[in-house]
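Letters go in sequence order (proteins before strands), and every chain restarts at 1. Just so you know, these numbers use all the heavy atoms, side chains as well, and skip hydrogens, waters and symmetry mates. Please read these numbers as outputs of a predicted model, since none were measured by experiment.
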Amino acid sequence: MIMRREILPLSIFLAFAVLPLLGDFGSDAFILSIVTRVMIFAIAAVSLDLILGYGALVSFGHAAFLGIGAYAVGILSAHGIREAAIQIPAALIVSALFALLTGAISLRTKGIYFIMITLAFGQMAYFFAVSLAAYGGDDGMTLPGRSLFFGYDIVQSERAFYFLVFACLIAVYVACRMIVTSRFGRVIRGARENPQRMEAIGFSLFAYQLTIYVIAGTLCGLAGFLLANQTQFVSPAYMTWQRSGELIVMVLLGGLGSLNGAILGAAAFLLLEEGLSHFTEYWKLYFGPFLVLVVLFARGGLMGGFKRLTGTDDGR
Amino acid sequence: MSLTLLYVQTLNGLQLGVLLFLIAAGLTLVFGVMDFVNLAHGVQYMIGAYLAAMFTALTGNFFFGLALALPSALLFGLLLEFFIFRHLYARDHLDQVLATFGIILTLNQAVKVIWGAAPLSVPIPEIFSGSVVLMPGLLYPVWRLVIIASGIAIALLLGILATKTRIGMLVRAGATNAPMVSALGVDIGRLFMIVFGFGAMLAGFAGAMVAPILSVEPGMGDNLLILTFVVIVIGGIGSIRGAFIAALMVGLVDTLGRSFGPSILRAFLDPSAAAQTGRALAPMLIYILMAAVLFFRPAGLFPAKK
């Protein structure tokens, strides 16, 4: 028997699974590529939610990991290495190292200072990418094609790539659920509720928070790998601070501390962006006030509304 | 020759420094006194520049334009405070980040709708146009000197306001412990409003002053905002003195690092490697500085809260 709280995630993933079976949706599989983008940003948002929602660590530099993952693809491709079996580990390892280094420094600070120092590290990554003149500098670079899997060009079609991203999203979602419900995840959530008490009962929170920070950064590096592959283009624009802000918006729109919410938030953000920009060139003129209204009047985001409707609240 | 360049770049660094201070002064108090993360402060700077451009074009005189732009910027800040920000003081930082991020998106787009996407230009006022010879072989634009002088004048004025007046005392007390000030019978809501409006006006003033030398365009405040954050964090949140020192530090390090970084590195590396590393390192210098300061002093150089 399926428990009630599993209905929402199952319907989300079912919707993602059946969508490509319904047809190609116009020229160049337009809708398919939008939904692929939604799933890629859902991975990024889920990873951010681990630290933002579960850890209460407001990181304002998460887009740096998106960029690192993307540049791992770009730089290796520029040297003729298009093999995903090399690119993916490279993206994950560099992301993890960057997270380890910056996290170790950032986590010494609290509150506003933490927000600002993660922002500063994000900007450092951004300017570093801008300075990479050999890899396109400010303009970025176009990739020769999507990554190869064990020498085979199997994700060249939009549909095949869609399923690759879908599989990644499921894997990340399952892994994150295991993390947040584990003993480790409960320590992280405990630190969110009351850090003093957690320290007092003997947990060294720094090590726990650094671990979750590294996990979140690494997973976001995977999203960066996928993003570079989808657009077949890599540029510093992936790691502007505005992009970090957008990732935060996705998590908050969905509802903090909810993995389902992070996926829904990414979908809501990108679909609103796409939808509004069809009607008007000035879509941000409507999206900005919408954000302000969400903060002022709709606390808890989409998941908050969902929980109020169904009366379920299990901390996922 | 290189010494002349050093002087010019030092003056440019000072100019960036006072500019950052004008924006940071208000923002550090908003952060410190109200514990409020305001991402939309860079927008105030942009609005100031646009208002100055508009009023200058209307009146045909920069100083009339400035005189009209300042109260308008103040009014605009107060309206934002009244309708949006005051409802956010009690919220957590994340809500504040989200709402002020929304305001940035809205206003960056709104100025594009109102004034167009093309950059506006403002002529330098007649009496301050041209350059002066500061030293033999050192020519410097007068308007940039005016910006430096007015920034330092305002810093002094703020210093007097903060240390010698009652309202300044209350603001400093608020930055150290706002609930206590409130418990002593001070209308903290009104204090917040004054600080906010004043900060908005200072940022607007900064925008108006640089309007003649930079292009006035949508999003012009975004990157400066990040530099301002660096300043505030290095200086210590809530400290005007810290903001002043950190602003000059950041302005000088950024400007001098960009122009001299590669040539200093050349002493250690071969020329092409030095040029490459210099280009990569120079824009990152201030962030490295910030990370280093926070590593040794997690609350900045002059923290207001003890």
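The CG atom of Leu281(B) sits 8.5 Å away from atom CE of Met124(A), with the distance rounded to the nearest 0.5 Å. Taken to the nearest 0.5 Å, the CG atom of Asp222(B) stands 4.5 Å off from the CH2 atom of Trp241(A). Here the NZ-CD1 distance, from Lys284(A) to Ile104(B), works out to 10.5 Å after rounding to the nearest 0.5 Å. Within the model, atoms CZ of Phe127(A) and CE of Met284(B) stand 10.0 Å from one another, a figure rounded to the nearest 0.5 Å. Atoms CG and CD1, on Leu119(A) and Ile226(B) in that order, are 4.0 Å from each other to the nearest 0.5 Å.
Contact annotation: the side chain of Val37(B) approaches that of Met116(A) to within less than 4.5 Å [non-hydrogen atoms, C-beta and beyond]. Put simply, the side chain of Phe101(B) does not reach to within 4.5 Å of the side chain of Ile248(A), judged on heavy atoms.
Looking only at distances, no side-chain donor or acceptor of Tyr287(B) sits under 3.5 Å from a matching main-chain atom of Ala120(A).
With a 4.5 Å cut-off on non-hydrogen atoms, Tyr126(A) does not touch chain B at all. For chain B, no part of Leu293(A) is nearby; none of its heavy atoms comes within less than 4.5 Å. Ile234(B) does not touch chain A: none of its heavy atoms, backbone or side chain, sits under 4.5 Å away. Using a 4.5 Å cut-off between heavy atoms, Phe287(A) touches chain B through its side chain atoms alone. In this structure, chain B has a heavy atom under 4.5 Å from the side chain of Phe60(A), while its backbone stays farther away. Using a 4.5 Å cut-off between heavy atoms, Leu39(B) contacts chain A through its side chain alone, with no backbone atom that close. Using a 4.5 Å cut-off between heavy atoms, Val230(B) does not touch chain A at all. Looking at Asn108(B), neither its backbone nor its side chain comes within 4.5 Å of chain A, counting heavy atoms on both sides.
Checked against side-chain contact (heavy atoms from CB on, under 4.5 Å), Thr28(B) has the following partners two or more places apart in sequence or in another chain: Ile232(B), Ala243(B).
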Take Leu52(A) and Leu94(B) through the test side-chain contact (heavy atoms from CB on, under 4.5 Å) and record every step on the way to the result.
CA-CA 9 Å; Leu52(A) 196 70; Leu94(B) 209 48; 3.7 Å; yes
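Of all the listed residues (Leu88(B), Leu98(B), Val97(B), Ile84(B)), the one sharing the greatest number of non-hydrogen pairs under 4.5 Å with chain A is Leu98(B).
The two residues Tyr113(A) and Gly300(B) have their closest heavy-atom pair at CE2-N, 4.2 Å. Contact record, Thr106(B) with Leu285(A): O-CD1, 3.5 Å, taken as the closest heavy-atom pair.
Below 4.5 Å, heavy atoms of chain B meet heavy atoms from Ile105(A), Arg108(A), Thr109(A), Gly111(A), Ile112(A), all part of residues 103-112 of chain A.
Within 6.0 Å of CZ on Phe206(A) lie more than 12 heavy atoms contributed by other residues, nucleotides or ligands. No more than 12 heavy atoms of other residues, nucleotides or ligands sit less than 6.0 Å from atom OH of Tyr286(A).
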